[in-house]
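The block underneath contains the structure these notes are about, expressed in C-alpha coordinates.
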Amino acid sequence: MSKISINYIGEVVKLETNYTLLRIYEEYCKGLSGIEAYSHIHIIYWLHKRDNPENRKVLMVIPKRHQTNEVIGVFACRSPSRPNPIGLSTVELISKNQCELKVKGLDALIGTPVLDIKPYSPRSESIPNAITPEWIEKGPKH
(Lines give C-alpha, C1' and ligand atoms only; values in the text may rest on other atoms or scores of the structure.)
Protein backbone atom coordinates (compact mmCIF):
# COMPACT_ATOMS: atom_id res chain seq x y z
CA MET A 1 0.00 0.00 0.00
CA SER A 2 1.35 3.42 -0.96
CA LYS A 3 1.40 6.30 1.50
CA ILE A 4 0.63 9.93 0.74
CA SER A 5 1.22 13.16 2.60
CA ILE A 6 -1.55 15.68 3.22
CA ASN A 7 -1.19 19.08 4.85
CA TYR A 8 -4.11 20.60 6.68
CA ILE A 9 -4.73 24.11 5.36
CA GLY A 10 -7.00 25.21 8.19
CA GLU A 11 -9.69 24.12 10.63
CA VAL A 12 -13.23 24.66 11.81
CA VAL A 13 -13.07 27.17 14.67
CA LYS A 14 -16.70 28.10 15.39
CA LEU A 15 -20.15 26.58 14.92
CA GLU A 16 -23.26 28.75 15.10
CA THR A 17 -26.87 28.00 14.19
CA ASN A 18 -26.64 29.54 10.72
CA TYR A 19 -22.94 29.36 9.91
CA THR A 20 -19.55 27.76 10.46
CA LEU A 21 -16.30 29.72 10.70
CA LEU A 22 -13.19 28.28 9.08
CA ARG A 23 -9.73 29.64 9.80
CA ILE A 24 -7.22 29.06 7.04
CA TYR A 25 -3.62 28.93 8.25
CA GLU A 26 -1.50 31.97 7.43
CA GLU A 27 0.81 30.12 5.02
CA TYR A 28 -2.23 29.20 2.86
CA CYS A 29 -4.19 32.45 3.18
CA LYS A 30 -3.02 33.83 -0.20
CA GLY A 31 -4.80 30.90 -1.82
CA LEU A 32 -8.13 32.47 -0.83
CA SER A 33 -7.60 35.39 -3.20
CA GLY A 34 -10.67 35.67 -5.46
CA ILE A 35 -12.78 33.16 -3.50
CA GLU A 36 -15.27 35.89 -2.53
CA ALA A 37 -16.48 36.00 -6.16
CA TYR A 38 -18.20 32.63 -5.62
CA SER A 39 -21.50 32.04 -3.84
CA HIS A 40 -20.71 28.37 -3.16
CA ILE A 41 -17.55 26.39 -2.55
CA HIS A 42 -16.58 22.77 -1.82
CA ILE A 43 -14.86 22.10 1.50
CA ILE A 44 -12.80 18.92 1.70
CA TYR A 45 -12.01 17.98 5.28
CA TRP A 46 -10.63 15.21 7.49
CA LEU A 47 -13.14 13.32 9.65
CA HIS A 48 -10.64 13.27 12.52
CA LYS A 49 -13.06 11.78 15.07
CA ARG A 50 -13.36 8.67 12.85
CA ASP A 51 -9.65 8.32 12.08
CA ASN A 52 -8.96 5.06 13.88
CA PRO A 53 -8.35 1.46 12.76
CA GLU A 54 -11.89 0.33 13.66
CA ASN A 55 -13.70 2.99 11.61
CA ARG A 56 -11.25 2.65 8.71
CA LYS A 57 -12.29 -1.03 8.34
CA VAL A 58 -16.00 -0.24 7.96
CA LEU A 59 -17.23 -1.05 4.45
CA MET A 60 -20.97 -1.69 5.00
CA VAL A 61 -23.37 0.61 6.88
CA ILE A 62 -27.00 1.56 7.39
CA PRO A 63 -27.19 5.30 6.59
CA LYS A 64 -28.15 6.78 10.00
CA ARG A 65 -29.60 10.08 8.85
CA HIS A 66 -32.01 8.43 6.42
CA GLN A 67 -35.16 6.44 7.09
CA THR A 68 -33.90 3.12 5.79
CA ASN A 69 -32.74 -0.24 7.11
CA GLU A 70 -30.88 -1.04 3.91
CA VAL A 71 -27.24 -2.03 4.39
CA ILE A 72 -25.06 -0.43 1.73
CA GLY A 73 -21.39 0.11 1.00
CA VAL A 74 -19.63 3.18 2.38
CA PHE A 75 -18.78 4.30 -1.15
CA ALA A 76 -22.53 4.48 -1.92
CA CYS A 77 -23.25 6.88 0.96
CA ARG A 78 -21.69 9.63 3.04
CA SER A 79 -20.87 7.61 6.15
CA PRO A 80 -18.06 9.18 8.21
CA SER A 81 -16.64 5.69 8.85
CA ARG A 82 -14.62 4.71 5.78
CA PRO A 83 -11.12 3.59 4.72
CA ASN A 84 -10.00 7.21 4.27
CA PRO A 85 -12.04 9.54 6.52
CA ILE A 86 -12.43 12.38 4.02
CA GLY A 87 -15.49 14.61 4.14
CA LEU A 88 -16.90 16.76 1.36
CA SER A 89 -19.52 19.49 1.68
CA THR A 90 -20.75 22.03 -0.83
CA VAL A 91 -21.46 25.15 1.19
CA GLU A 92 -22.67 28.70 0.73
CA LEU A 93 -19.86 31.21 1.18
CA ILE A 94 -21.29 33.96 3.37
CA SER A 95 -18.14 36.05 3.76
CA LYS A 96 -14.35 36.15 3.70
CA ASN A 97 -12.39 38.19 6.22
CA GLN A 98 -8.65 37.85 5.68
CA CYS A 99 -7.91 34.19 6.52
CA GLU A 100 -11.40 33.34 7.77
CA LEU A 101 -14.36 32.03 5.82
CA LYS A 102 -17.91 32.11 7.11
CA VAL A 103 -19.92 29.36 5.41
CA LYS A 104 -23.40 27.86 5.63
CA GLY A 105 -24.12 24.14 5.29
CA LEU A 106 -20.88 22.54 6.51
CA ASP A 107 -21.37 19.21 8.28
CA ALA A 108 -18.26 19.28 10.49
CA LEU A 109 -17.22 19.72 14.12
CA ILE A 110 -15.04 22.31 15.84
CA GLY A 111 -11.41 21.30 15.32
CA THR A 112 -12.12 19.50 12.05
CA PRO A 113 -9.05 19.88 9.81
CA VAL A 114 -9.66 21.43 6.37
CA LEU A 115 -7.76 19.71 3.55
CA ASP A 116 -8.75 21.80 0.54
CA ILE A 117 -11.24 24.30 -0.86
CA LYS A 118 -12.52 24.33 -4.42
CA PRO A 119 -15.03 26.68 -6.07
CA TYR A 120 -18.40 25.31 -7.11
CA SER A 121 -18.96 25.68 -10.85
CA PRO A 122 -22.56 25.04 -12.00
CA ARG A 123 -21.40 25.03 -15.62
CA SER A 124 -19.31 21.90 -15.14
CA GLU A 125 -20.80 20.30 -12.01
CA SER A 126 -24.56 20.56 -12.25
CA ILE A 127 -26.13 17.36 -13.54
CA PRO A 128 -29.85 17.99 -14.14
CA ASN A 129 -30.97 14.37 -14.70
CA ALA A 130 -28.85 12.68 -12.04
CA ILE A 131 -30.30 9.48 -10.59
CA THR A 132 -30.08 8.58 -6.88
CA PRO A 133 -31.51 5.70 -4.84
CA GLU A 134 -34.94 6.22 -3.28
CA TRP A 135 -33.65 6.09 0.33
CA ILE A 136 -31.56 9.23 -0.16
CA GLU A 137 -34.74 11.32 -0.50
CA LYS A 138 -35.86 10.30 3.02
CA GLY A 139 -33.00 12.06 4.79
CA PRO A 140 -31.99 15.61 5.65
CA LYS A 141 -31.21 18.11 2.90
CA HIS A 142 -27.97 19.09 4.69
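Heads up: numbering here begins at 1 and tracks the sequence.
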Consider only side-chain heavy atoms of I, L, V, M, F, W and Y, link residues closer than 4.5 Å, and tell whether [X] and [Y] are in one cluster.
{"X": "Val71", "Y": "Val58", "value": "no"}
{"X": "Leu47", "Y": "Leu59", "value": "no"}
{"X": "Ile72", "Y": "Ile131", "value": "no"}
{"X": "Leu21", "Y": "Ile44", "value": "no"}
{"X": "Tyr28", "Y": "Val13", "value": "no"}

Return yes when atom [atom1] of [X] has more than 12 non-hydrogen atoms of other residues, nucleotides or ligands closer than 6.0 Å, and no otherwise.
{"X": "Tyr19", "atom1": "OH", "value": "yes"}
{"X": "Glu26", "atom1": "CD", "value": "no"}
{"X": "Gln98", "atom1": "CD", "value": "no"}

What's the separation between atom [atom1] in [X] and atom [atom2] in [Y], rounded to the nearest 0.5 Å?
{"X": "Asn97", "Y": "Glu36", "atom1": "CG", "atom2": "CD", "value": "11.0 Å"}
{"X": "Ile9", "Y": "Leu22", "atom1": "CD1", "atom2": "CG", "value": "9.0 Å"}
{"X": "Lys14", "Y": "Lys102", "atom1": "NZ", "atom2": "NZ", "value": "7.5 Å"}
{"X": "Ser89", "Y": "Lys104", "atom1": "OG", "atom2": "NZ", "value": "14.0 Å"}
{"X": "Ser81", "Y": "Asp51", "atom1": "OG", "atom2": "CG", "value": "11.0 Å"}

Closest contact, heavy atoms only, [X] versus [Y]:
{"X": "Val61", "Y": "Ser79", "result": "CG1-OG, 3.8 Å"}
{"X": "Asn18", "Y": "Ile94", "result": "O-CD1, 4.0 Å"}
{"X": "Ile41", "Y": "Pro119", "result": "CG2-CA, 4.2 Å"}
{"X": "Arg82", "Y": "Val74", "result": "NH2-O, 2.8 Å"}
{"X": "Glu92", "Y": "His40", "result": "CA-CD2, 3.6 Å"}
{"X": "Thr90", "Y": "Tyr120", "result": "CG2-CD1, 4.3 Å"}

Got [X] and [Y] here, is their nearest side-chain heavy-atom distance under 4.5 Å?
{"X": "Leu101", "Y": "Val91", "answer": "no"}
{"X": "Arg56", "Y": "Asn84", "answer": "yes"}
{"X": "Thr112", "Y": "Leu106", "answer": "no"}

For side chain to side chain contact (heavy atoms under 4.5 Å, CB included), just list the numbers for Leu109 and Val12, CA-CA rounded to whole Å, side-chain angles, deciding distance to a tenth of an Å, and then say yes or no.
-> CA-CA 7 Å; Leu109 306 171; Val12 174; over 6 Å; no
Mind checking whether Tyr8 and Trp46 have parallel, tilted or perpendicular rings, split at 30° and 60°?
-> tilted
Set of residues satisfying ring pair (Phe, Tyr, Trp, His ring centres under 6.0 Å) with respect to Tyr25, sequence neighbours excluded = none
Is a side-chain donor or acceptor of Arg78 paired with a backbone partner of Leu88 at a separation under 3.5 angstrom?
-> yes
Side chain to side chain contact (heavy atoms under 4.5 Å, CB included) between Asp116 and Ile6, worked out | CA-CA 10 Å; Asp116 205 353; Ile6 294 178; over 6 Å; no
